[in-house]
Colleague: 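Would you mind keeping the following structure in view while I ask a few things?
Keep in mind that what you see is a predicted model, and the values were worked out from it rather than measured. Residue numbers begin at 1 in each chain, while the letters A, B, ... track the order of the sequences.
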Number of protein chains: 2
Amino acid sequence: MPNIKKVAEYAGVSIATVSRVLNGQKTVSPQTRIKVEKAIKQLNYEPSILGRNLRNSETRLLLVLIPNISNPFYSKIINGIENTALKSNYNILLCETDSNPEREKIYFDLARKKMADGIISMDPQVDKDTLIEMAEKHSIIQCSEYTLNSTIPYVTIDNENAAYLAVKHLLSLGHSKIAFINSDVKFTYARQREAGYKRALGEAGIDAKSDWIYYSQELDFVNGQQAMKKFLNLDEKITAIFAVSDLLAIGALKEINNNKLSVPDDIAVVGFDKIEFSSMTNPTLTTIEQPMYKMGNIAAKMIIEKIHGKEVENVILDHELVIRESTLG
Amino acid sequence: MPNIKKVAEYAGVSIATVSRVLNGQKTVSPQTRIKVEKAIKQLNYEPSILGRNLRNSETRLLLVLIPNISNPFYSKIINGIENTALKSNYNILLCETDSNPEREKIYFDLARKKMADGIISMDPQVDKDTLIEMAEKHSIIQCSEYTLNSTIPYVTIDNENAAYLAVKHLLSLGHSKIAFINSDVKFTYARQREAGYKRALGEAGIDAKSDWIYYSQELDFVNGQQAMKKFLNLDEKITAIFAVSDLLAIGALKEINNNKLSVPDDIAVVGFDKIEFSSMTNPTLTTIEQPMYKMGNIAAKMIIEKIHGKEVENVILDHELVIRESTLG
DNA sequence: TATTTTACTGTAAACGATTTCCTGACAGAA
DNA sequence: TTCTGTCAGGAAATCGTTTACAGTAAAATA
């Protein structure tokens, strides 16, 4: 494999000159430039990033921490991150933590050892203390889920108002027995959405029964089904469901179908995220739309600015209620 | 930031000794080792991977080329790759090509510039000539989709027999007008599955009408719906569908529902991949199961062996027909 | 003509590790 | 006592770049 030295020898110039040509510096005479370019082509030379990385002490790699790549919610955000990052010549190292602290450690170590220039954390399960400690020496931002009372910049939506909006919609349809499939309240977003749910019910003069809230361990179909099973066993029949994720809502939908009940006639369902699947279910799912792609874009922009030493501000993006068949009629 | 030199000075030993401690070499006396370890802790030193990478000319990074991260089929494979890679201390750089040659170039360049040690290509759209050329100098393997008549090792399933199995199943249920939603025949798997489809029909004495095959540009819901629209407009009504991906099948399912037809009573549907969502549809989807996670495992093992200069053999994994509601009754 | 710019280009020092030699000390054998 | 072998640990080369600094010749200025 040819290196910069070989090219320099072949072209009859110094290493420095080759480097200058490589980096498009203008202080190289046209003739020399041509000579060097010829040598590069002749030798089929490709500059090694390893040398450059060491010299510049950067890798142009971004760590993206997610709990689970299979969740379509994250896929869209990653799309957004990737597109923006690529434009600034950054690549992303996708890190699936699987809610496993060991995994998390592997990835944080990667950053500690300077294998990455910055971290975008989307993992609600991330150990907050570690994150805050890491943030002292490294560039970190949080995307979607964030840590209250920390100085780590974040981009997210107004979870409380989004949940409020969803529940208001169900109330406006005449529902009063509205169940809520939440995730663990150790997550900021879960607490915020629960607050929105309760505020909406409260304003309507309904007090949320504890039976009406199901705390799900994971945000997937199976847990949605499980939640629904519980609700269907209640003495007092609920007539509507609001779930903090479309996957949960779709699981609930499935379970309702399995019990020969109809959505929305027997039970109305509202999800959260507007993942692609949510328009493919039968009936299609009413849901809160999060601008996931945009959130990814912004997250990437933020982390790159942070890496370059700029100050970055928190960003709250808009959400929207998308009304579809699961709450029609 | 402390470097190895600082640690050496602090511990009163040479750089070499610190490195030896770092790498767990046994030719260091216990006292010295302790001294060095103390210094490391005191200074809060983390060895930089950049230096090591340059010296060892490796990055322990694997490029994984996929067309689209949002497709759950790929998520599962990536899961498998990642778990196996991590065990060998490799990390994966996820590369979404988006079927965009420019993107593809960015990622291949990354490998050319030695930012990655090997490539796992899962992108059917990848430019075959480039891939073959790259394979001369770099470690590459293909996963799922592969290039016929090249020497690039691959792991995949027996697509023809899998399709044959699916269609046989429909035939055994009494169907004879079986449509096929394929993707572009420029893909190896598409040609192979079409061959399986035709072989099954042929053996049953049915000749596949060209109207019965729809060539989809992308493997997503929308295209499945589109395909189904075409089929529903045919004069001669088809009674069963076999689609080369679950997403297409689910799109078809949706369109059938939209037309107030019933699955499987009016039209039976078989998909391909057994993605998670395929058990959440109404009715649940009969599908061909691919061992996606395992395929990822094996792909990672193969590329790592290849990087280490070993010979690797192609692998063909088993598939299985999973019969569910969409072909019941 | 003498002096100062300007435009290139080369030299060599980083960057931060790993690893190949090499040396010195010490133990055991002759 | 001398020789040989083993072991711990140091010096320095190396990986492939970038870049500060210096140097030189030609052009511009006085």
Colleague: Classify the side chain of B/Arg55 and the base of D/dT14 as holding, or not holding, a donor-acceptor pair under 3.5 Å.
Modeller: yes
Colleague: Just checking, any donor-acceptor pair under 3.5 angstrom between side chains of B/Asn79 and A/Glu96?
Modeller: yes
Colleague: Expressed in angstrom and rounded to an integer, what is the separation of A/Lys5 atom NZ from C/dT11 atom P?
Modeller: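 Going from NZ in A/Lys5 over to P in C/dT11 covers 12 Å.
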Colleague: OG1/B/Thr84 to NZ/B/Lys301 distance, rounded to the nearest 0.5 angstrom?
Modeller: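 Those atoms lie 6.0 Å apart.
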Colleague: Looking only at the side chain of A/Ser19 (C-beta and beyond, no hydrogens), which of the listed nucleotides C/dT9, D/dT19, D/dG9 gets closest?
Modeller: D/dT19
Colleague: Is there a side-chain contact between A/Asn23 and the phosphate of D/dT18, meaning an N or O under 4.0 Å from OP1 or OP2?
Modeller: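 For D/dT18, OP1 or OP2 has a side-chain N or O of A/Asn23 closer than 4.0 Å.
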Colleague: Would you say C/dA7 has OP1 or OP2 under 4.0 Å from some side-chain N or O of A/Ser29?
Modeller: no
Colleague: Please state how far atom CD in B/Gln25 lies from atom C1' in C/dA17, giving the value in whole angstrom units.
Modeller: 13 Å
Colleague: Report the distance from atom CZ of B/Arg60 to atom P of C/dT18, rounded to the nearest whole Å.
Modeller: 13 Å
Colleague: Without decimals, in angstroms, what is the distance between B/Leu22 CG and C/dA17 P?
Modeller: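 The distance from CG of B/Leu22 to P of C/dA17 comes to 8 Å, rounded to the nearest Å.
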Colleague: If I take atom CD1 in residue B/Ile15 and atom C1' in nucleotide C/dT20, what distance separates them, rounded to the nearest angstrom?
Modeller: 15 Å
Colleague: From the list C/dA17, D/dT18, C/dC8, which nucleotide is the closest neighbour of the side chain of B/Arg52?
Modeller: C/dA17
Colleague: Mind checking B/Val18 for me? I need base, sugar-phosphate or nothing, with any heavy atom below 4.0 Å counting as a touch.
Modeller: nothing
Colleague: Just compare D/dT18, C/dT18, D/dG9 and give me whichever is closest to any side-chain atom of B/Thr32.
Modeller: D/dG9
Colleague: Applying a 4.0 Å non-hydrogen cut-off, can you work out what B/Leu50 is touching in the nucleic acid: base, sugar-phosphate, or nothing?
Modeller: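 The residue B/Leu50 makes no contact with any strand.
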Colleague: Which residue, B/Val13 or A/Asn56, contacts DNA chain D at a nucleotide closer to its 5' end, judged by nearest heavy atom?
Modeller: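 Of the two residues, B/Val13 wins.
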Colleague: Both A/Asn3 and A/Arg20 contact DNA chain D. Taking the nearest nucleotide for each, which residue is further toward the 5' end?
Modeller: A/Asn3
Colleague: Can you tell me if B/Thr17 touches the phosphate of D/dG10, counting only side-chain N or O atoms and a distance under 4.0 Å to OP1 or OP2?
Modeller: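 Yes, within the criterion.
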Colleague: Could you give the CD1-to-C1' distance, from A/Ile34 to C/dT9, as a whole number of Å?
Modeller: 17 Å
Colleague: Let me confirm one number: the OG-CD distance from B/Ser70 to A/Glu276, rounded to the nearest 0.5 Å.
Modeller: 6.0 Å
Colleague: Write down the distance between CZ (B/Arg33) and P (D/dA8), rounded to a whole number of angstrom.
Modeller: 10 Å
Colleague: Counting heavy atoms not belonging to B/Gln217, are there more than 12 under 6.0 Å from its CD?
Modeller: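 No, not enclosed.
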Colleague: Which nucleotide sits closest to the side chain of B/Ser48: D/dG16, C/dA17, D/dA11?
Modeller: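 For the B/Ser48 side chain, the nearest candidate turns out to be C/dA17.
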Colleague: Do A/Ile120 and A/Leu63 touch side chain to side chain, with heavy atoms closer than 4.5 Å?
Modeller: no
Colleague: Is it true that atom NZ of A/Lys128 has more than 12 heavy atoms of other residues, nucleotides or ligands lying nearer than 6.0 Å?
Modeller: yes
Colleague: Would you say D/dG16 has OP1 or OP2 under 4.0 Å from some side-chain N or O of B/Ser57?
Modeller: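 B/Ser57 to D/dG16 OP1/OP2: no side-chain N or O under 4.0 Å.
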Colleague: Starting at atom CG of A/Leu54, determine the distance to atom C1' of D/dG16, rounded to an integer number of angstrom.
Modeller: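 One finds 9 Å between C1' of D/dG16 and CG of A/Leu54, rounded.
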